[in-house]
Amino acid sequence: MDNDFVKEITPKSQDFSQWYVDVILKAELADYSPVRGCMVIRPYGYTLWENMQQLLDRRFKATGHKNAYFPLFIPESLLQKEAEHVEGFAPEVAWVTHGGKELLAERLAIRPTSETIICNMYSKWIKSWRDLPVLINQWCNVVRWEKSTKPFLRTAEFLWQEGHTAHKSEEEAEEETLRMLEVYRDFAEADLSLPVIKGRKSDNEKFAGALKTYTIEALMGDGRALQAGTSHNLGQHFSKAYDITYLDKDGQLKHVWQTSWGVTTRLIGAIIMVHGDDRGLKLPPNIAPIQTVIVPIFGKQTELVLNKARELFSYLKDEIRVELDDRDEYTPGWKFNNWEMKGVPLRLEIGPKDIQKRQVVLVRRDTGKKTAVSESELLPSLKVLLGDIQQNMFKQAKNFMQENIRQVNDFEDFKQLIDKKRGFIKAHWCGSSECERYVKEQTGATLRCIPFCEEKVPGKCLVCNKESDTVVYFAKSY
RNA sequence: CGGGGUGUGGCUCAGUUUGGUAGAGCGUCUGCUUCGGGAGCAGAAGGUCGCAGGUUCAAAUCCUGUCACUCCGACCA
């Protein structure tokens with residue numbers, strides 16, 4: 001595979017940021033808009049999001065959640081009830097001050113997240129233990145007035161889903177928080193081929209207003225970490241501030257225990273940065289808007305080939321997401337490059353030679369490997385290949401992540417590594433916020449998570465040398 | 001929000017130092033020939049030089065302001 005084929009994209013190794021933006025623009029996922037910090041998600045990118053939505057939504061429904069919709073506007077007084085929450089979000093809230101020409105009596109926040117308005121409704125809806133649990137999810141947009149933005153990774157307005165649940169007990173809320181984190185992990189790894197590390201956020205890094213925040217952390221192609229999804233155990237912080245109480249079986253009035261959890265269009269950024277290469281996007285088949293593109297090679301027999309290509313298309317169109325590129329104005333070579341840039345997992349070539357042999361040629365985006373498949377075997381072969389690509393992409397990403405997890409015990413080594421190689425660095429940590437902050441100040445790396453699946457090993461804190469049995473992950477992050 | 005960079009046909013950029021008729025390549029359009037890894041020939045269209053002021057006989061070029069994008073920090077999904 002020769003990289004000279006791709007002319008429009010800056011090589012990944014040369015300038016990762018430029019490469020990232022090139023891929024987004026050239027693959028037509030998104031475009032800049034006239035509004036500062038806001039992008040347009042183009043049809044190809046939006047279809048990607050729709051496919052992700054479907055796969056997630058199915059999982060939410062399967063775990064008992066229902067979708068609802070709450071207002072975009074939040075009255076200032078409502079937003080201010082939970083002190084920690086306001087303080088966390090105040091710097092990035094956009095305000096509506098006028099309705100037409102009239103000054104509003106009370107400013108309206110454009111939701112940066114919906115805990116406050118949802119809690120307000122929950123206090124009205126929840127009266128009895130019989131009303132619990134409440135399991136609601138919302139698909140919507142939110143606005144955060146960010147200082148610096150980057151397509152998909154951080155934009156002033158973005159799309160997401162936010163789940164908000166209320167429970168009888170702390171245990172039940174904790175169980176829900178972890179259940180949804182696992183849903184995210186499964187979705188990321190199975191459908192996005194995106195390996196992640198599950199863990200808990202430190203107090204410094206947790207959500208404003210939460211008791212505990214759990215996260216899935218992914219590693220991008222340039223060695224920086226990305227928070228790919230979060231699930232918060234809100235405890236009773238919000239139920240106390242918003243007065244969400246129920247009468248329990250024992251006749252006692254109690255505050256509910258709550259959770260909230262979300263993933264965003266940022267995941268599209270993760271997919272680009274984890275899987276993409278110098279030829280452009282590389283999409284996992286489960287979410288690819290087009291899973292297979294048919295490229296007819298006309299030769300001198302345009303009619304014959306075109307008819308065959310159309311026949312194949314209508315045979316496949318109810319089985320997989322397939323597109324027929326029968327444009328006459330581009331040569332096959334041009335189309336190959338173009339569809340590779342757009343990340344289509346599998347290409348189906350059909351030409352005069354193939355028709356003669358009753359076969360088609362299949363070409364994988366992930367390995368570039370070509371195979372001739374007899375027409376009678378086409379559908380099963382396609383399905384096997386798509387499944388294999390899905391898994392292979394996960395394997396490759398997982399290997400990359402594994403190769404970029406390094407353990408150190410010495411602070412100087414840590415500094416060197418974070419600077420030269422980036423990636424995740426595992427190190428002992430005593431649990432103090434001071435040590436955590438020190439690492440950030442000295443190296444720019446943050447504590448990404450306190451992982452679940454690490455055995456307790458005795459050691460000494462990276463910073464203060466105190467005894468510690470906890471190994472945590474640090475990284476520079478987006 | 002602090003420091004650097006950039007803004008010129010659809011795209012990538014030259015021209016700015018030293019003010020004087022707005023350029024190239026790619027793409028687009030038309031026609032013919034092509035088609036198994038970015039085709040060839042012939043012809044054509046397309047730009048108030050990010051925006052607003054100012055200096056000047058004259059501004060893409062000089063000055064002031066402003067906006068957007070981008071990189072590095074701080075803040076955040």
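A, B, ... follow the sequence lines: proteins, then strands. Residue 1 opens every chain. Keep in mind the model is a prediction, meaning the values are calculated, not measured. For the numbers below, each heavy atom of this structure counts, side chains included, while hydrogens, waters and symmetry mates do not.
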Pairs under 3.5 angstrom, nitrogen or oxygen only, protein versus nucleotides 24-34 of chain B, please.
residue	atom	partner	partner atom	Å
B:U28	OP1	A:Tyr330	OH	3.4

So which atom in A:Ser239 and which in A:Gln258 form the shortest heavy-atom distance, rounded to 0.1 Å?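 Taking every non-hydrogen atom into account, N-OE1, 3.2 Å.
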Let's see if you can work this out: which of [options] has an atom nearest to the side-chain heavy atoms of [X]?
X	options	answer
A:Ser17	B:C76, B:C35, B:C71	B:C71
A:Val363	B:G37, B:C71, B:C76	B:G37
A:Trp334	B:A74, B:U70, B:G38	B:G38
A:Asn337	B:C71, B:C1, B:G38	B:G38
A:Arg279	B:U70, B:G37, B:A74	B:G37
A:Glu340	B:C35, B:C1, B:G37	B:G37

Rounding to an integer number of angstrom, what distance separates [N] and [M] when you compare their [atom1] atoms?
N	M	atom1	answer
B:C32	B:U70	P	44 Å
B:C51	B:U12	C1'	23 Å
B:G4	B:G47	C1'	29 Å
B:C69	B:C26	C1'	23 Å
B:U48	B:C41	C1'	36 Å
B:U64	B:U55	C1'	11 Å
B:A58	B:G9	P	26 Å
B:U61	B:U21	C1'	15 Å

Would you check if there is a donor-acceptor pair between the side chains of [Y] and [X] at a distance under 3.5 Å?
X	Y	answer
A:Ser114	A:Gln138	yes
A:Glu174	A:Tyr214	yes
A:Tyr478	A:Asp222	yes

Over 12 non-hydrogen atoms of neighbours within 6.0 angstrom of CD in A:Glu84: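 For A:Glu84, atom CD is crowded (more than 12 foreign heavy atoms under 6.0 Å).
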Mind calculating the distance between [atom1] ([X]) and [atom2] ([N]) to the nearest angstrom?
X	N	atom1	atom2	value
A:Gln227	B:C75	CD	C1'	14 Å
A:Arg224	B:C72	CZ	P	6 Å
A:Asp22	B:C11	CG	P	13 Å
A:Asp326	B:C35	CG	P	18 Å
A:Tyr478	B:C76	OH	C1'	15 Å

Complementary nucleotide of [N], counting Watson-Crick and G-U pairs under 3.5 Å:
N	value
B:A59	none
B:A24	B:U12
B:U6	B:A68
B:C32	B:G40
B:U17	none
B:C1	B:G73
B:C49	none

Are side-chain heavy atoms of A:Leu159 and A:Gln53 found at a separation under 4.5 Å?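 With C-beta onward as the side chain, the pair stays apart.
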Using a cut-off of strictly less than 4.0 Å, decide whether A:Lys201 has a side-chain nitrogen or oxygen near OP1 or OP2 of B:C76.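 Result: no.
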Within less than 4.0 Å of OP1 or OP2 of B:C71, is there a side-chain N or O belonging to A:Lys150?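 Affirmative; the distance criterion is met.
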How are the rings of A:Phe238 and A:His85 set relative to one another: parallel (under 30°), tilted (30 to 60°) or perpendicular (over 60°)?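 Answer is perpendicular, since the angle exceeds 60°.
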What orientation do A:Trp160 and A:Phe158 show, parallel under 30°, tilted 30 to 60°, or perpendicular over 60°?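 It falls in the perpendicular class, over 60°.
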At a heavy-atom distance below 4.0 Å, what parts of residues 344-360 of chain A sit against RNA chain B?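 When residues 344-360 of chain A is checked for heavy atoms under 4.0 Å from RNA chain B, the hits, listed by number, are A:Arg347, A:Glu349, A:Gly351, A:Pro352, A:Lys353, A:Asp354.
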Quick one: salt bridge (Lys or Arg N to Asp or Glu O under 4.0 Å) partners of A:Asp413, sequence neighbours excluded?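 Counting only residues at least two positions away or on another chain, A:Asp413 forms no salt bridge (Lys or Arg N to Asp or Glu O under 4.0 Å).
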What I want to find out is whether A:Arg347 reaches A:Asp325 closely enough, with some N-O distance under 4.0 Å, to be called a salt bridge.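 Looking at A:Asp325 together with A:Arg347, the answer is no, because their closest N to O distance does not fall below 4.0 Å.
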Nearest-nucleotide wise, let me know which of A:Tyr32 and A:Lys370 is further upstream toward the 5' end of RNA chain B.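 In this pair, the answer is A:Lys370.
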A:Asp388 side chain to A:Val384 main-chain N or O, any donor-acceptor pair under 3.5 Å?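 No, the answer is negative, given that no donor and acceptor are paired below the 3.5 Å cut-off.
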